[in-house]
Amino acid sequence: MLILVTGGAGFIGSHMVTALTGAGHEVRVLDALLPAAHRAAPAIPEGVDWRHADVRDARAVADALRGVDAVCHQAAMVGLGKHFADAPDYVSCNDLGTAVLLAGMADAGVGRLVLASSMVVYGEGRYACPRHGVVRPGPRQVDDLSAGRFEPPCPRCGEPLAPGLVEEDAPLDPRNVYAATKLTQEHLGAAWARAAGGRVVALRYHNVYGPGMPRDTPYAGVASLFRSALARGESPRVFEDGRQRRDFVHVRDVAEANVVALTRVDGLPGGGFRAYNVGSGEPHTVGEMAAVLAVACGGPAPVVTGDFRLGDVRHITASSERLRDELGWKARVGFAEGMAEFAVAPLRAG
C-alpha cells in the first residue's frame with residue numbers, strides 16, 4: 001500500500017515511517033515542520049516521498065493524496081502548551097487541519113484512516129470508591145492543589161478513591177485545550193466515516209517516550225522534559241507529589257500499533273469508527289519514572305516540587321485489551337528496558 005503519513009517528520013511519525021517501510025509499504029510524508037516541533041530540517045529516509053506542506057493547505061493535501069491507499073494522521077500540536085493564548089493555534093493545527101485532510105480524502109476517494117488520538121480525551125481515569133463503586137470525580141480545585149491535596153475524592157462521600165485502568169467505553173471528558181482538540185478530531189473522523197463510507201481507527205496513545213523525542217520544548221511530553229534536564233546536568237522537576245500514575249509506552253510499540261491498525265482497518269467491528277487505547281499495560285508513577293531515568297543517566301536525583309498545572313489529571317492508565325484482542329497488538333518494550341535505552345538515546349533539537 002501507499003501510505004500518507006501527515007506529521008511524518010515528527011517524533012512518533014518518523015518512527016512510523018520506519019515501521020511502515022520495514023513492513024514493505026510505500027510511504028509519502030506531509031509535514032509543515034512547525035517551529036514549535038522542528039528547529040532543523042529532518043533527515044528523510046531513502047525511498048520516502050517527502051512533501052513540505054501544511055495539512056491545512058487544501059491544494060497541498062489534494063496533491064499528497066493522489067494514489068494513496070490509506071492515511072496515518074499524526075500532524076498536530078501536542079502537550080498543554082504555555083498558556084491559554086495557544087488555544088487558536090491548537091484548534092487550527094489539530095481540528096482545522098483534520099477537517100481539511102478529511103475533505104480531501106472524501107474528494108480523492110481514500111477511505112482508510114488511522115488517527116493519532118490521545119488518553120487525554122478521558123480526563124481523569126477510572127476510579128472506584130469502596131462505598132459507591134466506579135465514580136467520576138470532577139476537575140480538581142485550585143484550593144486543593146495549592147494545599148497539596150492532589151488525590152481527587154469520591155464526589156459522593158469525599159473518601160479516597162482507588163485508581164484503575166480506563167477502557168475505551170469510559171465517558172470522555174477533555175479538561176484542557178489539547179484534550180478538546182483531540183476529541184474533536186475523533187468526532188470529525190467519525191462524521192467523515194459516516195458521510196463518506198470510510199473507516200477510522202483512532203489510537204489513543206498514552207505517554208509515549210523513546211529515541212528521537214524533541215528536547216527543551218514546553219510542547220514535549222514529561223519524559224522528554226526530564227531527559228532534557230538530565231542532559232543539562234539538572235534534576236528533573238516533578239510536579240505535585242510525584243505519585244500521579246501514567247502508562248509509559250515505547251514509541252516503537254506505538255509505531256507497530258499503527259502498522260497493525262492499517263492492515264486491519266477494513267475489518268473493523270462496530271461500523272466505520274473504532275477507538276483503541278495504546279499503552280504498555282504497566283502503570284508507573286511520574287516520580288518513579290523520573291527516578292529510574294535519573295539513575296540510568298547517572299544524573300542528579302529528581303526534585304519533587306509540589307507545583308501543579310491546571311488541566312493536568314491525577315491518574316490515567318490504560319487497558320489495552322481491546323487492541324490486543326481485536327487486532328493482536330501487544331507492547332513488547334518493557335519499562336526498565338525502554339528507560340535504559342531512552343537514557344542514552346539522542347534527542348531531537350526541537
Side-chain angles (χ1 to χ4, degrees), residues 11-12 14-15 78-80 118-120 124-126 148 150-151 162-166 204-257 277-309 312-320 324 329-350:
F11 166 49
I12 298 174
S14 59
H15 282 272
V78 301
L80 282 180
S118 172
M119 63 172 185
V120 295
E124 288 287 350
R126 185 181 189 277
F150 300 120
E151 294 288 345
L165 302 181
V166 66
R204 293 173 179 165
Y205 304 155
H206 283 246
N207 285 73
V208 186
Y209 74 97
M213 288 192 85
R215 71 169 187 252
D216 300 324
T217 168
Y219 300 96
V222 65
S224 177
L225 297 177
F226 291 169
R227 176 75 167 74
S228 297
L230 288 161
R232 298 190 300 268
E234 301 171 2
S235 294
R237 295 180 60 81
V238 181
F239 281 6
E240 302 185 16
D241 59 3
R243 296 185 184 132
Q244 56 270 46
R245 288 157 52 97
R246 298 291 187 268
D247 186 319
F248 298 99
V249 59
H250 197 277
V251 66
R252 287 196 299 272
D253 284 329
V254 172
E256 184 60 30
N277 289 332
V278 183
S280 70
E282 298 181 46
H284 294 273
T285 68
V286 173
E288 179 186 359
M289 186 271 284
V292 168
L293 194 57
V295 170
C297 287
V303 174
V304 178
T305 67
D307 295 337
F308 62 89
R309 298 186 302 179
D312 274 346
V313 297
R314 180 60 173 173
H315 304 295
I316 178 71
T317 55
S319 168
S320 298
R324 182 195 65 198
W329 175 90
K330 184 178 180 181
R332 294 187 286 182
V333 181
F335 180 76
E337 172 194 353
M339 286 295 164
E341 177 198 23
F342 180 51
V344 297
L347 301 180
R348 285 194 300 115

| request: Taking all heavy atoms of Gly279 and all of Ala331, pick out the closest pair and write down the distance. | output: O-CB, 4.1 Å

| Spatial distance of atom CG (Asp312) from atom CG (Asp307) [nearest 0.5 Å] | 11.5 Å

| Does Glu240 pair with Arg314 as a salt bridge, N-O distance under 4.0 Å? | yes

| query | Side chains of Asp247 and Ser280: do they bring a donor and an acceptor to under 3.5 Å? | reply | yes

| Proximity of His206 and Phe248 rings by center, below 6.0 Å | no

| Is any side-chain heavy atom of Phe239 closer than 4.5 Å to a side-chain heavy atom of Val286? | no

| Residue list, ring-ring contact (aromatic ring centres under 6.0 Å, His included) with Phe335, at least two apart or on another chain | His284

| Criterion side-chain contact (heavy atoms from CB on, under 4.5 Å) on Phe342 and Leu347, from CA distance to verdict | CA-CA 9 Å; Phe342 180 51; Leu347 301 180; 3.8 Å; yes

| field | Closest approach of Arg245 to Pro283 (non-hydrogen atoms, all atoms of both residues) | value | NH2-CB, 3.8 Å

| said: For a 4.5 angstrom cut-off between non-hydrogen side-chain atoms, does Ser118 reach Arg204? | reply: no

| Gap separating the CZ atom of Arg243 from the NE2 atom of His315, nearest 0.5 angstrom | 10.0 Å

| What distance separates Asp253 CG from Lys330 NZ, expressed to the nearest 0.5 Å? | 11.0 Å

| field | Derivation of the salt bridge (charged side-chain N to carboxylate O under 4.0 Å, His left out) call for Glu337 and Arg332 | value | CA-CA 10 Å; Glu337 172 194 353; Arg332 294 187 286 182; over 6 Å; no

| message | For a 4.5 angstrom cut-off between non-hydrogen side-chain atoms, does Val208 reach Ile12? | response | yes

| said: Check this for me, if you would: do Arg246 and Glu282 make a salt bridge, where the nitrogen-to-carboxylate-oxygen distance has to be below 4.0 angstrom? | reply: no

| Side chain proximity check, Val303 to Val238, heavy atoms < 4.5 angstrom | no

| Is there a side-chain contact between Val251 and Pro211, using heavy atoms and a 4.5 Å cut-off? | yes

| field | Minimum heavy-atom distance Pro300-Ala294, with the two atoms named | value | O-CB, 3.5 Å

| So, for Val278 and Ala257, which heavy atoms are closest and what is the spacing to 0.1 Å? | CG1-CB, 4.1 Å

| field | Test log, rule side-chain contact (heavy atoms from CB on, under 4.5 Å), inputs Met119 and Asn207 | value | CA-CA 8 Å; Met119 63 172 185; Asn207 285 73; 3.0 Å; yes

| query | Any side-chain heavy atom of Val166 sitting closer than 4.5 Å to one from Ile316? | reply | yes

| Rounded to the nearest 0.5 Å, how far apart are OG of Ser235 and CG of Leu230? | 7.5 Å

| field | Interatomic spacing from CZ in Phe226 to CG in Leu293 - rounded to 0.5 Å | value | 8.5 Å

| task | Using the ring pair (Phe, Tyr, Trp, His ring centres under 6.0 Å) rule, pick out the option among Tyr205, Phe11, Tyr209 that qualifies with His250. | result | Tyr209

| task | State, yes or no, whether a side-chain contact exists between Arg227 and Arg215 at a heavy-atom distance under 4.5 Å. | result | no

| When rounded to the nearest 0.5 angstrom, what is the spacing between CG in Leu165 and OG in Ser319? | 6.0 Å

| Test log, rule side-chain contact (heavy atoms from CB on, under 4.5 Å), inputs Glu341 and Arg252 | CA-CA 12 Å; Glu341 177 198 23; Arg252 287 196 299 272; 2.9 Å; yes

